[in-house]
Amino acid sequence: MRDIVPAPPAVVCNQVQTIQELFRKNVVPTYARFDVALQRGEGSHVWDVNGKRYLDLGGGIAVCALGHANPEITQALVEQSRQLVHASNLYYHEPQGRLAQALARLIGPGKIFFCNSGAEANEGLFKLARRFGDEEGRFEILTAQNSFHGRTLAGIAATGQAKVKKGFGPMVAGFRQIPFNDLEAARKALSPATAAILVEGVQGEGGVLPAEPEYLLGLRRLCDEKKLLLLMDGVQCGHFRTGRFESFQRILEEKPEAAAAGFLPDGITMAKSLGGGFPMGAFWVREPYADLLDAGSHGTTFGGSPLACAVALKILEVIERDHLADNARKTGAWFKGELQRLAAKYPAVIQQVRGLGLMIGMELAAKIPAFSAGEKSPSVQFINRLHAAGALAVPSGTQIVRILPALNLRTEEAAEGVGIIESVVAKLSP
Ligand SMILES: Cc1ncc(COP(=O)(O)O)c(C=O)c1O
């Protein structure tokens, strides 16, 4: 065995540079990583290999719903792994059935397909749309400019950002982008081949931009009128992040007519917080279309394993028991309010703050004199300073800093985060 898989070189000196060297030599360099090597976490804090502590306001890009090293997740993992880790989808097992029931209850009448990532979940919806339109020869899916739907070939074709497509042509056929939050543009873009429209409830990678309630309601009417599927990507903005399970539920709260009409999309994808760090994805499909993908038409070896489902069930249980949807709503509103206060105090540094619940985007001013005009974007330069001050956050494009912390972020941790951000902003203010 040793001949086939040589032991990795021992990390003798557990320093950032040593680990970076391992990456430089052995890991495909698809990520421009920050100069931080993390070692452990607890709740909303993480420590790097040098023992420096950070408040994690990025949550592993909206993944760590219950923070780091959550003891209840550990217990669920240990207990389930003593019983059955993996079974394949050739057989039935209780955790997958129970999780599907719980998720459908949170969305609406329909069924769930389980997979392993957000991109894979979206691939499932693309296939659903093609199946739906197949008999009439319709296959096209309209998606939004600035959207993000994953890094697979169809995912990049669906994504409304040129940078993810560059160098990977020709694109998978059947995707076209339309301006976001523009109903008229959607109507005008329809062709006889259109089968579905796919949007994020809150664009994440596109800069934390929520869909307008009228836009979602209008898309629903348009899709009903033209016999199209209305699909939503809830990978980043779902799972209670906005204060409700799915972002459309939160966005449409102030529209009683939406509730009265029972607004639902026809399909919605999930991943990220669903497994809280255990890689998982899923899509929900509304009742009338729930059996369109029949036996043999779609699948994945690992999807919905007993282990993954036990973790996801535990996360749902804790979120409900500890009222974490309310926490996301209240702590998020407070955090956003504080950042808006900073924007008013330091307009030369923060241009705008937007978002819902614990999905907040802080847009930096166009020109911050302290930033060098080098190859690093303003959002990356800002986050480098946040690291130095003791917090992690996630860049979105060149100008936006995203706050996507654990749903159980405490009030005092939110205050710590605002304090760290203010210390950075104050130093950047001319
Ligand atoms: C809205 C959205 N969809 C899809 C994806 C892709 O998910 P994954 O990276 O799990 O494939 C992401 C990832 O950031 C996302 O934000």
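All ligand and atom numbering here is 1-based and tracks the order in the structure. Excluded from the calculations below are hydrogen atoms, water molecules and symmetry mates; all remaining heavy atoms, backbone and side chain alike, are included.
Residues Glu72 and Arg321 are paired through a salt bridge, judged by an N-O separation under 4.0 Å between the basic side chain and the carboxylate. A salt bridge does not link Lys111 with Glu287: every distance from a Lys NZ or Arg NE/NH1/NH2 to an Asp or Glu carboxylate oxygen is 4.0 Å or more.
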Q. Salt bridge (charged side-chain N to carboxylate O under 4.0 Å, His left out) between Glu123 and Lys127: does it pass, once the steps are laid out?
A. CA-CA 6 Å; Glu123 289 281 338; Lys127 283 178 73 176; over 6 Å; no

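A cation-pi contact links Lys52 to Tyr54, judged by a cut-off of 6.0 Å to the six-membered ring centre and 45° from its axis.
From the protein, the heavy atom lying nearest to atom 11 (O) of ligand 1 is Ala119 N, 2.8 Å. Nearest protein heavy-atom contact of atom 16 (O) of ligand 1 is Gln236 NE2, 2.8 Å. Looking from atom 2 (C) of ligand 1 to the surrounding protein, the closest heavy atom is Phe148 O, 3.4 Å. Atom 3 (N) of ligand 1 has its closest protein heavy atom at Asp233 OD2, 2.7 Å. In terms of protein heavy-atom proximity, atom 7 (O) of ligand 1 is nearest to Gly118 CA, 3.3 Å.
Tested against Asp224 for a salt bridge (charged side-chain N to carboxylate O under 4.0 Å, His left out), the candidates Arg221, Arg220, Lys226 yield a single pass: Arg220.
In this structure, atom 9 (O) of ligand 1 has its sub-4.0 angstrom surroundings free of protein heavy atoms.
Under 4.0 angstrom from ligand 1, there are no non-hydrogen atoms of Glu120.
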